[in-house]
Amino acid sequence: MALLAALVPSSQSWRVSLPATFLLLVLSLLLSYVCHLSRRPAFPPNSPPLLKPLPVVGSPAFFTARNDLFRRGRSVSPRTGNFSFYVGRLRIVGLSGRASRRAYFDSKALDLARGYERLFADGPSLEGGGSPEFGSLFNRNVKTLLLRENFVRNLGVLSRDVREGLGKFVAAAVVDGKKEEEEEEEEEEEKKRKQKKKAAGVLNPYEDVYRLVYQLTMRTLGCEEIAEDRKLGDETLRLYEDAEEGTSPARFVVPWLPTPAWWRRVKSGARLYGILDGIVKERRRSKEGGARKEDALQVLLDQGASTLGVIEFIMGSLFSGQLNTSINAAALLVYLAQNREWMDKIRSEVDGVVDRHRAQREGEGESGGESDESALDVLKRLPLEAWENDFPLVDVALKETIRIELVGSSYRMNDSGRDMEIGHTGEVVPNGAFSVYQMDDAHMDPDVYPEPLRWDPGRFLRGEDKKQPDAFLGWGAGRHPCRNNFLSATIVGMRFAKLETFLITAHFISMFDFQLSDKNGNLNPDPPVLKDRTRFTAHKPSVPVYFRPTAAWMPAIPELGGESAKAAAAAARAARSDGGRKKRCRRDALGKTKAAKYTSITKY
Ligand code: HEM
């Protein structure tokens, strides 16, 4: 009896021991979960050499210093350069070198969508997303929407968007300018006034071009409601940016952990979903009323897509294209501002195309005599063939930009049910494991691209990229290029991204001459390093960079009303503060007649 009394605690001791027991329970659960996390699936013996993992986390350098991780990996694997490592419990094979690159991009066993879905910060899957129809819907419809007829139908509107968008940037500068004058009258402090005066007229390409690409993408692969509404566009872009932000590395170790970054993504994604859902519902309602629109959303609805399918399609298109296209389109202009030789070459190419098409029209006798069509008017009616074939220098300039800007990795998962052999190396990517290829492995190889960090589009004219197979991966390679063959047409991302970038570059160059500056308009030809090679995607520079227009050739844009004329005047004012130096440059580069034609537009 005494023994029993000793074993059964009194009601008093229960009160004390309950919380302790609960704590003990939680601790032992935690411990067993940590044990579970530490028990990783093994790599088979014919996997590439394994980097020693830290307990639980594996190789955190995958997040903090990926290039170093790859350097270390290559050093433990002198024969092939391939190596194995863990992130949490995930098994990953890092690949490098020519033979492995080929095997990686050509492999049927490696799945792109699953790789990006898990390793690219919980990003949305391109295939097999939430709704069962998503994969086929995305592929089928991106192809359909980017087919030639659709491009042609949309071209005029896209070009109008670009004209208006760029015109508005300068128009915004005019508003600043007007403020300055008013403030001058109000006799504000001298210092403050000077500061503001300098600020008038600068553009931030990574904001303004980014916004423009968003509008073009929404226009082509989304819906008019957002493409046409500035406020809604700004709001959805902000939500997209939040939703696109990477999640915390902690979720790679504990996949269910609701980190603050994850919550932010979920909240923004839900809000974006809600907005698109409202638009789809309204469109379905107004179907009876006959308010049809000619856009991607309509194509999807006509095909009977579900609301979820439509929304996933639009969000998938944004995730695939927005970041890469906008960063590269903006960066291309930044590189041109830094490289006078290529700026002049590209300017001559754009002017040449404009002249040829202006002359063609004169030849057709439509306008009779010498045409006074402005460059923008000519660009407005340029056919798709011209956009796709007549800008070979812009093409190589974009290629070179992508080579440098495309930092980070490509991801795959081997879900083929068997180990995948890495070419003839004798090594494998195990079944169920991931593999990662660093784009820099090809793009920053000095044997292929001497002085790899130097921006020089001439490399592609000299055939540097032909020294090795797949030495340029900027538009993908092997089984997953950023394009596909569909019926007889070549389609998808690359074609659309090029069209957007060419439209923006040609219009920009036809409207302005510009130099890099700080946000106050002080010229700054060598801003601090623009890209961080440790990042995982193309990205905006951490130190903002601005353009100061130093000359403008901008006729009135009817869609902008009086604003564009004011904008041209503002840019001309900004240019005059350079003492006409740039104006002379322009004359030298293009010859007298043309300069006269352009300058008469802006009435210097
Ligand atoms: C300058 C802009 C762009 C660049 C540099 C770019 C680059 C790439 C690269 C390198 C890949 C291959 C990825 C890999 O193998 O891991 C790829 C694939 C892909 N891109 Fe793009 N892309 C751009 C724009 C776009 C746009 C605008 C879209 C569509 C809206 C798009 C849709 C896709 C799709 C769907 C794939 C996957 C194809 C597949 O699964 O086979 N891209 N892109």
Side-chain angles (χ1 to χ4, degrees), residues 95 101-102 104-108 110-117 119-120 123-129 134-147 150-151 158 209-210 213-214 216-222 296 312-332 394-395 397-413 434-443 470 472-486 490-505 536-539:
L95 297 176
R101 174 168 77 216
R102 186 69 353 149
Y104 173 89
F105 283 101
D106 285 350
S107 170
K108 277 189 193 167
L110 297 180
D111 188 297
L112 175 141
R114 301 235 176 291
Y116 278 84
E117 189 180 346
L119 293 184
F120 191 52
S125 162
L126 292 180
E127 289 166 37
F134 177 61
S136 60
L137 200 64
F138 187 87
N139 287 324
R140 179 156 40 89
N141 284 308
V142 156
K143 288 166 187 173
T144 312
L145 291 164
L146 296 182
L147 276 174
N150 196 58
F151 263 170
L158 294 182
V209 171
Y210 192 85
V213 167
Y214 180 70
L216 300 182
T217 308
M218 263 299 162
R219 171 84 66 202
T220 309
L221 298 169
E312 285 181 333
F313 173 84
I314 295 178
M315 286 170 73
S317 306
L318 284 177
F319 283 106
S320 316
Q322 168 67 24
L323 188 69
N324 267 330
T325 310
S326 56
I327 296 298
N328 282 293
L332 169 53
V394 184
D395 193 28
L398 175 59
K399 233 174 151 178
E400 175 67 342
T401 304
I402 293 172
R403 183 185 69 79
I404 296 182
E405 296 293 316
L406 199 69
V407 294
S409 322
S410 163
Y411 308 91
R412 303 281 189 270
M413 181 189 177
F434 294 85
S435 63
V436 177
Y437 182 83
Q438 278 292 83
M439 291 300 192
D440 273 6
D441 192 68
H443 291 166
D470 295 331
F472 178 72
L473 300 167
W475 295 118
R479 298 184 62 79
H480 293 285
C482 184
R483 62 175 193 276
N484 268 318
N485 289 325
F486 180 67
T490 314
I491 358 125
V492 191
M494 179 184 77
R495 196 168 173 217
F496 181 44
K498 279 189 181 184
L499 180 68
E500 290 178 287
T501 310
F502 291 9
L503 276 165
I504 292 171
T505 310
F536 306 146
T537 55
H539 54 277

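Remember, it's 1-based here, ligands and their atoms both numbered in the order they're listed.
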- Query: Of the non-hydrogen atoms in A538 and V407, which two are nearest, and what is the gap between them?
  - Reply: N-CG2, 4.3 Å

- Sequence-distant partners of E400, side-chain hydrogen bond (donor to acceptor under 3.5 Å, both in side chains), two or more places apart: R403, R459

- Taking the side chain as C-beta and beyond, is there a heavy-atom pair between R412 and F434 under 4.5 Å? no

- Do side-chain atoms of Y411 reach the backbone of R114 as a donor and acceptor pair under 3.5 angstrom? no

- Query: Side-chain contact, heavy-atom cut-off 4.5 Å: W475 with L398?
  - Reply: yes

- Just jot down the ligand 1 atoms closer than 4.0 angstrom to any heavy atom of L473, in number order. 10 (C)

- Which of the atoms in ligand 1, numbered in the order shown and given with their element, are less than 4.0 Å from a heavy-atom of L112? 14 (C), 15 (O), 16 (O), 40 (O)

- Item | Y210: partners by ring pair (Phe, Tyr, Trp, His ring centres under 6.0 Å), with sequence neighbours left out | none

- Query: Which is closest to atom 9 (C) of ligand 1 by heavy-atom distance: S410, A331, G476, S409?
  - Reply: G476

- Item | Residue L221 vicinity, atoms of ligand 1 by number, heavy atom under 4.0 Å | 30 (C)

- Task: For P481, counting its heavy atoms only, list the atoms of ligand 1 lying under 4.0 Å from any of them.
- Result: 38 (C)

- Task: Just go through C482, G115, G321 and tell me whose heavy atom is the nearest to atom 42 (N) of ligand 1.
- Result: C482

- Query: Do the side chain of T220 and the main chain of T217 share a donor and acceptor less than 3.5 angstrom apart?
  - Reply: no

- Message: With nothing but distance in play, are any N or O atoms of H480 less than 3.5 Å from an N or O of ligand 1?
- Response: yes

- Item | R412 contact mode with ligand 1 (heavy-atom cut-off under 4.0 Å) | side chain

- Item | Option nearest atom 16 (O) of ligand 1 (shortest heavy-atom distance, choices Y116, Y104, Y437, F105) | Y116

